[in-house]
Q: 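Right, I'll just put the structure down here and ask away after.
By convention here, the first residue in the shown sequence is residue 1.
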Amino acid sequence: MSSLTEDPAFRATTFVVIDFETTTPTGYPAQPIEVAALALRCADGTWQETGRSASLIRPPSFAPVTPADTAQTGLTAEQLQQAPTPDRALGALDRRLTAGTPYLLVAQHAATEAGIIHHQAEHCPTLARTDFLDTIPLAKHLIPGLANYKLDTLLAHFGIPQPADRHRAPADVDVTAKVFLHLISAAENDPQLVDLAALVRTAGRMAKTNRPIQAGLFDA
């Protein structure tokens, strides 16, 4: 039986691990203050890093960095005053996605990243049309019985050291990528995960932009 990483569709796909740090203003969706992405591909059965990107992002005036944000991330309002605006930071990341290349975004609790990208879609239209793999349902399928499936729990399970700057986007992307690779290694021995389509059925999350709109509900 062929393994997951021998599937032609899997080998053709670039997996972009992505993470945001945010501020969460009352009455508004979360606003990004940092983004990091790490692109991985397994074209010949061996994983290769094909690119990485990281940027601070200046939040809008209605979403100031709070003491709680600083306590979690270490980022201060002063640091972010000179950071690129969302259109510049996310636009630069979006332009790194090559037209015609199949991509899947990878995130821990992908609903969070998917929501942020959806609300910033005007600045990153290609990202906004890219579907996700979520490491949480994949981990639940492959390693049932853990107390929870938080990132720190998965790091401990796989023996991945905690980064010194945990809760900064570049560090969290690096360790999420390590978790993802451990999960794909485990998936090689799972008879249900023989190809990319099966992987997507188990852990995929469609980008909000790609979801069909149900028409006719309010038609006369």
Q: Any donor-acceptor pair under 3.5 Å linking the side chain of Arg52 with the backbone of Ala37?
A: no
Q: Do NZ/NE/NH1/NH2 and the carboxylate oxygens of Asp172 and Arg166 come within less than 4.0 Å?
A: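 Yes, this pair counts.
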Q: With no hydrogens and no angle check, is any side-chain donor or acceptor of Arg41 less than 3.5 Å from a backbone partner on Arg11?
A: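 It does hold such a pair.
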Q: Quick one: does any side-chain atom of Asp87 pair with a main-chain N or O of His123 as donor and acceptor, under 3.5 Å?
A: no
Q: Treating Ile, Leu, Val, Met, Phe, Trp and Tyr as nodes and any side-chain heavy-atom pair under 4.5 angstrom as an edge, say whether Leu181 and Phe132 lie in one connected cluster.
A: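 No, no single cluster joins them.
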Q: Can you confirm whether Glu49 is buried at CD, in the sense that more than 12 heavy atoms of other residues, nucleotides or ligands lie under 6.0 Å from that atom?
A: yes
Q: So do Thr14 and Pro102 actually touch side chain to side chain, heavy atoms under 4.5 Å?
A: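 Sidechains of Thr14 and Pro102: no contact.
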Q: Are Leu155 and Leu142 connected in the hydrophobic side-chain network, where two residues link if heavy atoms are under 4.5 Å apart?
A: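 In one cluster: yes.
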Q: With rounding to the nearest 0.5 angstrom, report the CZ to OG distance, Phe180 to Ser185.
A: 11.5 Å
Q: When rounded to the nearest 0.5 angstrom, what is the spacing between CG in Leu183 and CG in Leu154?
A: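 Spacing of CG (Leu183) from CG (Leu154) equals 6.5 Å.
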Q: Look only at the side chain of Thr70 and the backbone of Leu75, and say whether a donor-acceptor pair between them is shorter than 3.5 Å.
A: yes
Q: Asp165 side chain to Ala171 main-chain N or O, any donor-acceptor pair under 3.5 Å?
A: no
Q: Under a 3.5 Å distance rule, please check whether Glu113 uses its side chain to pair with a backbone N or O of Ala110 as donor and acceptor.
A: no
Q: Could you tell me the separation between the CD1 atom of Ile117 and the OG1 atom of Thr209, rounded to the nearest 0.5 Å?
A: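 Ile117 atom CD1 to Thr209 atom OG1 measures 9.5 Å (nearest 0.5 Å).
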Q: Show me the donor-acceptor pairs, under 3.5 Å and distance only, between side chains in residues 16-24 and residues at least two apart or in other chains.
A:
unit_1 : atom_1 : unit_2 : atom_2 : d
Thr23  : OG1    : Pro64  : O      : 3.1
Thr23  : OG1    : Asp69  : OD2    : 2.9

Q: Once rounded to the nearest 0.5 Å, what's the spacing between atom CD of Gln72 and atom CZ of Arg168?
A: 12.0 Å
Q: What closest approach, in Å, do Ser55 and Ala89 show between heavy atoms, and which atom pair accounts for it?
A: OG-CB, 3.7 Å
Q: Look at the side chain of Thr76 and the backbone N and O of Gln79, then say whether any donor-acceptor pair between them is shorter than 3.5 Å.
A: yes
Q: Do you know which two heavy atoms are closest between Pro32 and Gln120, and how far apart they sit?
A: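 Answer, listing the atom of Pro32 first, then Gln120: CD-NE2, 3.6 Å.
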Q: Would you name the heavy atoms of Arg205 and Ala114 that are closest together and state the gap between them?
A: NE-CB, 4.1 Å
Q: Tell me yes or no: between the side chains of Thr112 and His109, is some donor less than 3.5 Å from an acceptor?
A: yes
Q: So, for Pro59 and Leu80, which heavy atoms are closest and what is the spacing to 0.1 Å?
A: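 Answer, listing the atom of Pro59 first, then Leu80: CD-CB, 4.0 Å.
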Q: What are the two closest non-hydrogen atoms of Ala63 and Pro25, and how far apart are they?
A: CB-CG, 3.5 Å
Q: Under the side-chain hydrogen bond (donor to acceptor under 3.5 Å, both in side chains) criterion, do Glu34 and Thr73 qualify, and how do the steps go?
A: CA-CA 10 Å; Glu34 187 174 41; Thr73 66; over 6 Å; no
Q: Starting from the C-alpha separation in whole Å, work towards a yes-or-no answer on side-chain contact (heavy atoms from CB on, under 4.5 Å) for Asp152 and Gln162.
A: CA-CA 8 Å; Asp152 289 341; Gln162 284 267 353; 2.8 Å; yes
Q: Would you compute the distance between atom CG of Leu193 and atom OG of Ser3 and round it to the nearest 0.5 angstrom?
A: 11.5 Å
Q: Say whether, by atom type as modelled, one donor and one acceptor occur between the side chain of Gln31 and the main chain of Pro29 under 3.5 angstrom.
A: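 At least one qualifying donor-acceptor pair exists.
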Q: Is there a side-chain contact between Thr50 and Leu40 in this structure, where contact means two heavy atoms from C-beta onward sitting under 4.5 Å apart?
A: no
Q: Any link between Met206 and Leu133 through a network of hydrophobic side chains (Ile, Leu, Val, Met, Phe, Trp, Tyr) touching at under 4.5 Å?
A: no
Q: Would you say Ile33 and Ile116 are hydrophobically clustered, going by side-chain heavy atoms of ILVMFWY under 4.5 Å?
A: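 Ile33 does not cluster with Ile116.
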Q: Just by modelled atom types, is the Asp7 backbone N or O under 3.5 Å from a matching donor or acceptor in the Asp195 side chain?
A: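 Judged by distance alone, no pair lies under 3.5 Å.
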Q: Find the distance between CG (Leu196) and CG (Leu104) and round it off to the nearest 0.5 Å.
A: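 CG of Leu104 is found 6.0 Å from CG of Leu196.
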Q: Tell me, do Ile136 and Lys140 make a side-chain contact under 4.5 Å, heavy atoms counted?
A: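 The answer is yes, as the side chains (C-beta and beyond) meet within the 4.5 Å cut-off.
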Q: Do the side chains of Arg129 and Asn210 get nearer than 4.5 Å, heavy atoms only?
A: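 They are in side-chain contact.
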Q: Below 30° counts as parallel, above 60° as perpendicular, anything between as tilted: where do the rings of Trp47 and Phe10 land?
A: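 Plane angle over 60°, so perpendicular.
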Q: Should Leu138 and Tyr103 be counted in the same cluster of Ile, Leu, Val, Met, Phe, Trp and Tyr side chains packed under 4.5 Å apart?
A: no
Q: Carefully, step by step, assess Thr85 and Ile57 under the rule side-chain contact (heavy atoms from CB on, under 4.5 Å).
A: CA-CA 6 Å; Thr85 53; Ile57 303 174; over 6 Å; no
Q: Just by distance, no angles: are the side chains of Thr135 and Gln108 close enough, under 3.5 Å, to form a donor-acceptor pair?
A: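 Gln108 and Thr135 do have a side-chain donor-acceptor pair below 3.5 Å.
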Q: Surrounding NZ of Lys208 (heavy atoms of other residues, nucleotides or ligands, distance under 6.0 Å), is the total greater than 12?
A: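 It does: Lys208 NZ has more than 12 such atoms within range.
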Q: Quick one, Ile184 and Leu199 - any side-chain contact, counting heavy atoms below 4.5 Å?
A: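 Of all side-chain heavy-atom pairs linking Leu199 with Ile184, at least one is under 4.5 Å.
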Q: Please report the C-alpha distance between Thr26 and Phe62 in whole Å, then the side-chain angles of each, then the deciding distance to 0.1 Å, and finally whether the side-chain contact (heavy atoms from CB on, under 4.5 Å) criterion is met.
A: CA-CA 9 Å; Thr26 301; Phe62 63 78; over 6 Å; no
Q: How far apart are the C-alpha atoms of Glu188 and Thr5, what are their side-chain angles, what is the distance that settles it, and do they pass the side-chain contact (heavy atoms from CB on, under 4.5 Å) test?
A: CA-CA 7 Å; Glu188 291 277 76; Thr5 57; 2.7 Å; yes
Q: Which heavy-atom pair separates Asp94 from Pro125 by the least distance, and what is that distance?
A: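 Here Asp94 and Pro125 meet closest at OD2-CD, 3.3 Å.
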Q: When you measure from the side chain of Thr130 to the backbone N and O of Thr126, does any donor-acceptor pair fall under 3.5 Å?
A: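 The answer is yes, because a donor-acceptor pair under 3.5 Å joins these two groups.
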